[in-house]
Amino acid sequence: MSEKEVRVRFAPSPTGFVHVGSLRTALFNYLFARHFKGKFVIRIEDTDRTRIVDGAVENLINVLKKLGIDYDEGPMKEGDYGPYYQSERLSIYKKYCDELIENGYAYYAFETPEELEEMKKMQQLEGKQTAYDRRARNLTKEEVNENLNSGKPFVVRLKVPLNQEIKFTDAVKGIIKFDSNQVDDQVLLKSDGFPTYHLANVIDDHEMKITHIIRGEEWITSVPKHILLYNAFGWDIPQMAHVPLLLNPDKSKLSKRQGDVAVEDFINKGYLKEALINFVALLGWHPSEKDGVVREIFSMDELISNFTIDRVQSSGAVFNIDKLNWMNNEYIKNYDLDNLFDLSLPYFENSGLDLNDTEKLKFILNTIRVYLDRLDMIPEKIKIFTKENFEIPDEFKELIYNENSLKVFKTLKDKVENSDELTVDGFKQMLNDTGKETGVKGKNLFKPVRIALTGEEHGPELPNIAVIYGKEKLSSLLSKYL
RNA sequence: GGCCCCAUCGACUAGUGGUUAGGUCGUCACUCUUUCACAGUGAAAACACGGGUUCGAGUCCCGUUGGGGUCACCA
């Protein structure tokens with residue numbers, strides 16, 4: 001057996017946003033290709049003209065790019081096996097489809113959608129399984145020609161051989177068998193001249209020399225049709241790998257009904273690409289634990305070097321947003337501050353803070369990053385630095401308006417005003433000195449100061465807040481209570 | 001319902017015949033921090049069930065139950 005170059009493909013249909021399930025499939029394909037130094041192809045499955053959404057392809061490529069998933073061949077990146085839009089390959093499908101008919105592997109059918117609907121209804125009424133009853137197989141050559149010549153709309157259907165066992169080995173599921181009698185005479189070519197997924201996908205995967213098909217588990221039941229087609233053409237069947245589904249918390253197939261599924265939404269909410277990739281990769285896949293070392297955080301390069309199909313889980317994985325949040329926070333805490341700042345800047349807009357004062361903004365970001373699960377939590381977390389003329393909540397009034405606190409505010413204010421530049425350590429020192437000089441300590445020292453400065457009981461480190469405020473604001477706030 | 005797939009803590013998973021069944025998220029407690037968070041330590045928490053095979057099954061086989069997917073001129 002000669003070593004063939006690994007070629008995998010991600011074959012989405014351009015119907016709009018990018019589903020996280022699609023992202024996971026794309027990622028697995030990408031990781032697999034990169035791991036084996038092969039090629040990652042993107043092919044657009046746009047054979048359903050009714051579902052095409054403008055700009056969907058651009059959006060898709062864009063999202064993948066944003067997340068660091070690049071491809072070798074596909075839209076806007078022509079390779080040796082294009083075109084990569086199925087809608088531009090119609091003549092190829094036509095050619096092969098004719099071949100199938102000629103060799104008796106497929107046949108013309110002329111039922112109208114209404115007739116089919118009627119048939120289905122009858123089957124349901126009789127309590128039978130609904131499936132095409134293969135009636136057009138009985139048409140004589142003459143009848144077929146007559147229909148064709150009269151311009152009657154037609155489809156081409158797969159002529160499924162009866163009483164056969166169809167068997168294949170899936171790289172993640174193992175051996176899977178089907179009874180051919182259960183397989184529908186699937187439509188291969190629609191009446192509008194476009195192929196269905198089944199025909200197009202088999203032809204393209206062959207023509208594009210795809211070696212491994214990595215896709216979602218929902219495709220398993222259509223594999224027999226594909227195998228029949230490969231056999232009819234006399235082609236080699238690529239290695240199949242059906243990866244488990246991503247699930248809602250209730251274990252049903254991950255859907256929009258139960259929360260966000262659009263990758264765009266996650267990006268907009270301020271999930272970092274590293275976190276998204278890391279998290280999604282770990283849904284249904286996990287490297288073996290080498291020497292008992294267990295890890296959760298992986299860079300893209302580490303994912304690539306570790307990724308193999310045999311480590312893919314065979315059962316579905318619930319999309320656990322809590323863990324994503326944790327992981328995103330891990331990345332936010334450890335990210336290079338300058339890079340994180342670039343990503344964060346949009347979230348500082350309309351905050352009232354001076355966007356040109358990057359040093360200050362970075363300092364603020366650095367003090368609040370530990371609280372951020374997502375970048376879009378920034379506005380909420382920086383409110384504390386910008387609010388004006390806040391009221392002291394009733395429950396804290398007693399703590400603020402008393403003799404001790406008065407002493408503290410007064411002393412601290414003097415120190416602040418007499419200081420040179422305000423620093424974290426400097427303010428810490430002032431606070432300590434204030435405690436010593438006034439005799440107020442512990443909770444009675446820190447809590448009133450915090451509340452006087454922020455109006456809130458909890459928040460970031462006091463000295464950081466002081467530095468962010470600056471001398472002027474600090475002393476004017478303190479003055480209010482004197 | 002037919003067909004197909006799946007089954008380890010609430011979730012993600014490690015485990016490939018001999019383990020006190022390990023880790024991560026989440027939960028709870030304690031420590032640290034004169035706040036919250038972070039960090040650290042610890043706790044509760046799982047092999048769906050029933051039969052085999054075997055000296056020995058979470059690991060292999062069969063069945064049951066449960067969950068999921070799919071049954072289009074959509075992908």
Side-chain angles (χ1 to χ4, degrees), chain A residues 11-15 45-51 86 109 111-113 116-117 120 124 127-132 153-157 170 172-174 176-179 181-184 186-198 200-201 215-224 242 244-245 247-253 279 282-289 292-297 311 313-327 329-330 333 367-372 381 431 435 441-447 449-451 454 456-462:
Chain A
S13 60
T15 54
E45 312 238 326
D46 56 352
T47 55
D48 184 355
R49 295 171 309 158
T50 62
R51 295 211 310 168
Q86 291 187 328
E111 295 82 19
T112 63
L116 260 16
E117 192 55 39
K120 194 170 166 182
Q124 280 167 346
K128 287 201 285 199
Q129 293 303 316
T130 57
Y132 180 63
F154 67 88
V155 299
V156 176
R157 285 183 180 272
D170 188 89
V172 341
K173 305 280 187 185
I176 301 177
K177 298 174 195 166
F178 291 89
D179 174 0
N181 294 341
Q182 299 284 343
V183 180
D184 216 357
Q186 187 63 232
V187 168
L188 263 20
L189 199 69
K190 298 184 266 187
S191 58
D192 62 2
F194 279 68
T196 58
Y197 171 84
H198 307 285
N201 136 279
R215 82 237 292 183
E217 189 178 16
E218 71 266 31
W219 289 108
I220 284 189
T221 42
S222 51
V223 171
H242 288 90
L245 263 17
L247 273 23
N248 291 309
D250 72 357
K251 304 251 185 190
S252 58
K253 194 170 158 182
F279 177 70
L282 257 20
L283 253 22
W285 173 84
H286 200 279
S288 72
E289 293 168 2
V293 178
V294 184
R295 291 208 299 150
E296 297 287 329
I297 303 296
R311 298 292 311 172
Q313 198 80 7
S314 50
S315 55
V318 173
F319 190 93
N320 183 190
I321 196 82
D322 283 337
K323 188 158 181 179
L324 206 214
N325 286 336
W326 164 79
M327 192 172 276
N329 177 254
E330 282 297 300
K333 278 185 301 202
T367 92
I368 62 165
R369 78 210 280 194
V370 68
Y371 297 99
L372 302 175
K381 292 298 174 194
L431 216 45
K441 52 191 172 182
K443 201 173 77 170
N444 293 328
L445 172 62
F446 288 84
K447 210 169 172 184
V449 173
R450 172 176 294 282
I451 292 167
T454 67
E456 287 174 33
E457 190 181 10
H458 304 304
E461 306 266 351
L462 218 33

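Reminder, nothing fancy here: chain letters follow the sequence lines and each chain counts from 1.
Toward the 5' end of RNA chain B, the nearer of the two residues A/Lys177 and A/Ser13, judged by each one's closest nucleotide, is A/Lys177.
Counting any heavy atom pair closer than 4.0 Å across all strands shown, A/Glu330 reaches sugar-phosphate atoms only and no base atom. When heavy atoms are screened at a 4.0 angstrom cut-off, A/Lys120 is found touching the sugar-phosphate backbone but no base atom. Note on A/Pro460: a base of the nucleic acid sits closer than 4.0 angstrom, heavy atoms only. At a threshold of 4.0 angstrom between heavy atoms, the contacts of A/Glu457 include nucleobase atoms, whether or not backbone atoms are also involved. When heavy atoms are screened at a 4.0 angstrom cut-off, A/Pro195 is found touching the sugar-phosphate backbone but no base atom. Among the atoms of the strands shown, only primed sugar atoms or phosphate atoms (P, OP1, OP2) are found under 4.0 Å from some heavy atom of A/Glu45. Residue A/Thr47 is classed as a sugar-phosphate contact, given heavy-atom separations below 4.0 Å to backbone atoms only. A/Thr221 comes within 4.0 angstrom of a nucleotide base, judged by non-hydrogen atoms across all strands.
With distances taken from any side-chain atom of A/Ile176 to the nucleotides B/C3, B/C5, B/A14, the minimum falls on B/C5. Nearest nucleotide to the side chain of A/His458, out of B/C36, B/G15, B/A11: B/C36.
Protein atom CD1 of A/Ile321 is 13 Å distant from nucleotide atom C1' of B/G26, rounded to whole Å. One interatomic measurement links the two molecules: CG of A/Leu445 to P of B/U34, which rounds to 11 Å at whole-angstrom precision.
With salt bridges taken as basic N to acidic carboxylate O contacts below 4.0 Å, one links A/Lys447 and A/Glu457.
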